[in-house]
Each structure stands twice: as C-alpha cells, then as structure tokens.
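Working notes, beginning with the structure itself.
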Amino acid sequence: MNEPLAESEAPQARNSALGEDALWHILYSLGRDNAHPDKHKCYWGLVLAVRDRMLEKWASVQRQYYENDDKRLYYLSLEFLPGKFLRENLLSLGLESEAHTFLRKYSFSLDQIMDVECEPGLGNGGLGRLASCYMDSMATLGLPAFGYGIRYSYGLFRQEIRNGRQVEMPDNWLHEGNHWLIPRPHGLYPIRFYGTVHEWQDDDGTLRHDWRGGDIVMAMANDMYVPGYRNGHVNCIRLWEARPHKEFVLSSFNAGDYIGSVQEKIKDENISMVLYPSDDAPEGKTLRLKQQYFFVAATMRDLVRRFKKLNKPWDQLPEKNVVQLNETHPSIAIPELMRILLDEELICWEDSWFICQKLFAYTNHTILPEALETWPVELMERLLPRHMQIIYEINRRFLEDVRLHFRDEPDLPSRVSLISDGPEKVVRMSHLAIVGSFSINGVSALHTQILRDRVFHDFIRIFPDRFNNKTNGITPRRWLRQCNVSLSWLLSEHLGCDWVTDLDQLERIRELADDEEFRHDWEQCRLTNKKRLADHIEKRNGITVNPHSIFDVQAKRFHEYKRQLLNVLHIISLYNHLRKNPEVMMQPRTFIFGGKAAPSYWMAKDIIYLINCVARRINSDPHTRNVLKVIFLANYNISLSQLLVPATDVSEQISTAGYEASGTGNMKFALNGALTIGTRDGANIEIGERVGQDNIYLFGLCEQEVLDMRNRGYDPWELYKNDGELREVLDMINSDEFTPGNPTAFSGIFNSLLSGGDRFMVLADYRAYAETHQRIAHEFGDRELWIRKSILNTAGMGFFSSDRAVREYMDDIWGVKPDV
Ligand SMILES: *Cc1c(COP(=O)(O)O)cnc(C)c1O
C-alpha cells in the first residue's frame, strides 16, 4: 500500500495562503478557469488546499509511528458517520479565518459553500456516529489509531416524505466524486469466498489446512483523513471497496460472451455497493456476511503486513497492536486471524489462540434479543468453510474447559456454546466475540449492569475479569464548537478556548448561572439558533413556527423501543385538551420529529405516517395553530442534527427502560443546553447524576419495574378502560380521524398497544409522561428558572466528551499511548 517509507524525507511545509492554493487547484487539479470562481469551484478548490495540508501532516505522523515503534489501535466498524468534512477540517487545522478571507473575496459564506458538500451516510445512526466521534478524539489525543470500514457506493437511503409516508431514495453520495477520500488502486488484496479446505501434513507430521479455490474479490483501500484538533496530528480511516478480481472473465469473453463477462465483474463489485439500512436488527443476508468478512479480511492483511515490517516474533503481535470490534459485525476477524496464524504462518493452535485472545476487544451496543447477531452454520460452511472449522474447534476447546470448571452445571455448556441448536444451527457471534476477546464492554453503567445480570450472565462467571463499562461520549468539536457557534463564543469569552479539548472546564460556568447578564446572553444565543431552525422549517416544510415556543425535539432512528409513539399520543391529547378548552392559556409548543425507519420495518413506517397525519391535522386547525405545531423534518442526518441540537429546548429521550444501551443523541442536546425529558435508561441516568436531578425530567418505569410489571402480567386494556383521556386518543387512532375515509390506517399500531400486549410499555408510561410535560410547560414559562437549568445542563456535561471515553479505553483496554 502507498504509505510513506520511514526513510523518506519530510516534504517542505507549505507557506502559501490557503486561498492562493485553492485558486491554484481550481486551475491545475480541476482543470477549470479560476478567474471568477463560483461556489462549486470555491468549494472544490478549498477542499484540495485543505487536503494538501492534512496529507503533509498525515505522512509525517505515519513515519513517526514506525520510528517510535508505537503500539497501534485498529478500530473496526462496519459503519462510520463522519458528517460533512470541510468545516470540521478547517476548524481542526486552524484554517477557518483563512477560508473566510478567501470566500469573502468572492462573496460567499462558509455556510453557502457547505451546501455543495455531500454528507457521507456510511452508517445507520448511533453506532456509526460513535465510531466517528471516537476517531476524532483519538486524533485529538494523538493516538496511533486506524479506523477500518467499507466504502459503500450507496450510503443510507435518502428519506423523502410523500403523502405523509417515508419513501426511500438512493444516496449516490459519490456521483460528483469526493476529494476527501483518496483511492489507493495499487497493492490490492485478494479476498476469498467459498472454495474448499485441503488437509496436508507438515514435516513434523502435524495436520495442516489450506483453503483453496472459490471466488476471489479484490479489496481496494480508500483513505479518509481525520485531523486532531490543532495538534498537528492526522489519522486515517481506511474504507475498503470491492473490485473485480480480473477485469473480464477471459474465457467467457473469448467465447463471445462479452456481456456475461461484464456481469461477473459487476457481481464482485456488489459487495461494497450498499449499506444495510437496518438499525438494531440484522438482516441475515449472504451479502451482509460477505461484507463483514471482506472488510475484516482486508484489514487483518493490513495489520499483519505492517507487523511483519517490524521483524518481531509473533507473540509480540498483541504487544504492538490491539483491535477494537465495534459490535459483533467484525467478529469474524477472530477466526480469520486464527486462520492466518495456523494455516499461513504454521503456528500451533495454542500459540495462535493465545495471540488472538490478547489482541481483540469487543464493544456490545445492544441487548435487544432480536439484534444479537447469528449466522446459519450452513451458510458459514459454504461461504467460509475454513472459518467454520476453526469456530467449531474454538468451541470444542472452550466447552471442554467449561465442563471441567463447572462440573455440577450440565446445562451451562449448551447455554454458552458458540453454536446454538435450534431448528437451524447458528453461530452466535456475540459468544464468539466474548470467547475470543480479552475485554468486553457495555456503553453505559446501566447497560453494562444488564449485560452482567442478564444477557451475558453465564460468561461473567467464566470470564469475570473481561467485562467492563465505557460510557459513550460525543466530540465537543462537532457537537458544540462547530454546530453552536454563538454559544461557543459566549463560552470562550468567559472560559478561554481550552474547553474545546478539556470539556470539564464547562463546570466553571456553573457559577455564572446566577449572573443575570450571562443568562441574558445565554438566552440570546439560544434564540439565534431557534430562529435559524425556524427559517429552515419555513423553507423545508412551508410552516411558520414561533421561535419563542418550546422547541421539543425527538430526532433519532424510528424504533418501537424509542417510543416516538408515546410522544405522538401525548401530542394528540394536548390537541384534544386545547379544542375542548379554547379559553385556556397554554405555553406554545412546537414538536419536531426527525428520523428514518428501516425500509422493511412496517410498524416504524406506520408511526412516521401517523406523525405526519397528526401534524397535517393540527397545523391546519385555526383554533390551535398559535400554540401547537407538529413538524416532521425529512432525512434526518448529521447535518440536520447539527441544526436541531443547538435549537432544542426539550430533548426527548423516552425509550422503554432497559432498551437503549446508552444513546448519544441525549448527550448532544444536553451539552447544548437542552433539558431532557427521559426515562431512567442508558446514559440518561448518568446525565441526571452529572447535571443534577433538578435539571432533568426523568419519569416512568425503571428497568426493574418494567421486568416486574411484565412478570406480574401487564394488561394494557386496564389502562385503556381506566384513563379516559388516553382512551380518547387511542380511539381516534383507531378511527378515520387523521386519515379521512380510511379508519384502519393505524389499526396495526392500535393492536400492538392493546391486544398485542404493548411490548414497549407505552401505555404504562403514558400518564407519568403527560404529567412531566405539564411540569415542563410550567417551568419553561419561568424564564430565569429555565435558563438557569439550561446553563447547568451544559456545565455538567463535560464527562460526556468522547475525549474522556477514549482515554478510558486507552488506559483500561488498549494500552496505547499518545504520540504527539
Ligand atoms: C447522534 C445521532 C444518532 C444517535 O441518536 P440516538 O438518539 O442516541 O439514537 C443517530 N443519527 C444521527 C444522525 C445522529 O447524529
């Protein structure tokens, strides 16, 4: 691969102004006239000029890693959601004012220029965004870290709303090319699928294995750069793209089957064509398993190649490297490394397994039973025959150990087995990841506790030292400094600029909550952000909203456990209340929703349709339109999130307790001064501890109460009978109230809440939720009280910096050191 050689000379640092370089690139790299550049040319020119500066730093940092013989971290993730790059990279490299100077000359603002950039949607939501926040923190801390993933040709679908329903459109994010991504067409890796395993004996008479035949697909690297915040450090995320093994299959080409030979080529490229759009629910398709193995195999090749350059014995592999698996999606890396060590390097099983178990660490992100990944043994045997053999052998040895140590528990081996015997034999990927890793972590205190108590309870006893918690974090660069410019200025005015890399400094604004002038400035910042969002809503949805109303936002993937349904049921009841009591004074509220549903998740799509139907009805009712608005913003992504987060008064984090592993949306909003209405779930609990229980609105059943209630036998019909207000709302949904002429549009939703047993306890939490909202409306009216709480939220959120999270990973798990 094209990496700088350790002995090569450092290139001369550039001294020309950014703008001059941009003009140079417009002419010489883009081949366009640079006399009067339009905004597209300005954008592309700037990108190339910024990229030059990043690449210089990257090259010297890579050289440094070799020179200092650093231990390297490999962060494997099937998803990354970096968001737009230009503003972020300008900020990190300290080039913002130079860029402004250049753009001013041609009368453009940076905002206008940012419209030109496509957002890479290479992830579904929280998991991919976490990977990007962590990459940002690793670069800012100066860690020798390498991100690895897939360069999907099509990212997550673009969501349009037509007649109230979600319509999925392809996201062809590369159609204009993307200069942030540098393809490396030299030195591709061959990746094998299918084929057969041959046995042979080495000179010592040991049985050896050799995987042969099958199909070969080539893996090509595309590198995306991640600069640290003003520290001269640049890391890289390597995204693999599938390329055909041979341009054309020559035999069919010569036989006159030109089109047939091209089809072969297309088939190979399919592997990296599209991101699977299901969040928290694996699809079990062959292509998905191919994607996983494809990117993992190419990544392990890179790791082994770099390690071999060091000429060290194999047992030092885990001393010089550590691999963090983001969920089980890349866990096939464990048998893949075993295969390389056993079959290619001819190392014995015991030594190979020792190396593996010291190399890998696994992060679990979900406890939804339907989201725990499994693959049919039959599929694995066909697609990856050697890996299946290795998994069987790992399992055989592991279960032998378990039987030895837990003699009086005959059921234990089958419970912890890597293979489950149902009607169809499947490989449990989480069990593989646990057995093959030295560290297993959850992503919030509650989530890790649930892993210990329930999901992985058996494994805690087998591997008591492996389990640990790493509460998620978000990068303050993108989620405060970049997305909330007005508040950032206010903070820097009072704190200096260090908070950007030392978020605990925010504690120091706690005392300013008592300062009237500061509170006034704080409120003005919030209002500026709310007006900006109001303009956007006017433009996108054609609806005028009052920037002084409560901006109540629920923006996240649509999932039943996240309970957007609870939110909309409450909105309908507010609407009913207003219609019945036209004389009451009500605090004006604007409810804003954003989020995508997996294309095959019908219930989630029905909930989107319900919200849009309710919005249409409420927004057009002249009796309520001054106090109640409902907005659905289409195509929720990072850019939209950056607009919403600083403009939110009330952040909805209302998942059924025990279901949201951590959440990171909750952190973004609270960091920017929103108050949370939330359940005692995921990181909400820890947010409450940090910002203070007076400054958060926690409500509803806690995780234990959810379990107890289910065990006692929960009957949602009881609530339907006893709560008249709730019954009225449910009956409206079960009629043609919001869908004139079609009374059954939402009968699926109605049934899931009642006869379906209300799996996510929406009705059980309804009353507590409604009462909490009443308290919020009341307290929002007390401006001094509210702004004080808002300030105290931001002040308490330092802990949720991804810098803190990454430091914990670094110290407790990775053992890598900054190299800056
Ligand atoms: C932060 C973020 C998420 C995760 O949000 P949760 O509320 O934690 O589910 C998902 N999508 C986008 C675009 C985000 O920015």
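Residue indices begin at 1 and follow the sequence shown. Remember, it's 1-based here, ligands and their atoms both numbered in the order they're listed.
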How about Gln291 and Tyr276: does a side-chain donor come under 3.5 Å of a side-chain acceptor? no
shortest atom 11 (N) of ligand 1-to-protein heavy-atom contact is with Tyr636 CE2, 3.6 Å
Among all the protein's non-hydrogen atoms, which is closest to atom 7 (O) of ligand 1, and how far away is it? Lys556 NZ, 2.7 Å
Testing the 3.5 Å rule here: is there a donor-acceptor pair between the side chains of Gln554 and Lys562? no
Look at ligand 1 and say whether Lys562 reaches it with a heavy atom at a distance under 4.0 Å. yes
Where's the contact between Asn637 and ligand 1, heavy-atom distance under 4.0 Å: side chain, backbone, both or neither? backbone
Considering the heavy atoms of Ser641, write down every atom of ligand 1 situated less than 4.0 Å from one of them. 15 (O)
Please work out, at 4.0 Å between heavy atoms, whether the side chain, the backbone, both, or neither of Trp479 comes within that distance of ligand 1. side chain
What atoms of ligand 1 come within less than 4.0 Å of a heavy atom belonging to Gly126? 3 (C), 4 (C), 10 (C)
Verify whether the ring centers belonging to Phe295 and His329 lie closer than 6.0 Å. no
Looking only at the side chains, is there a donor atom on one of Glu652 and Tyr769 sitting less than 3.5 Å from an acceptor on the other? yes
With a 3.5 Å cut-off and no angle check, do the side chains of Tyr636 and Gln159 form a donor-acceptor pair? no
Is it true that Asn441 and Thr363 share a donor-acceptor pair across their side chains at a distance under 3.5 Å? yes
Would you mind listing which atoms of ligand 1 come within a distance below 4.0 Å of any non-hydrogen atom of Ile638? 13 (C), 15 (O)
Would you confirm whether Arg563, through its side chain, and Met761, through its main-chain N or O, come within 3.5 Å as a donor-acceptor pair? yes
Region of Arg557 engaging ligand 1 - heavy atom pairs below 4.0 Å: neither
Numbered in order shown, the ligand 1 atoms found under 4.0 Å of a heavy atom of Lys668 are 1 (C), 2 (C), 3 (C), 14 (C), 15 (O)
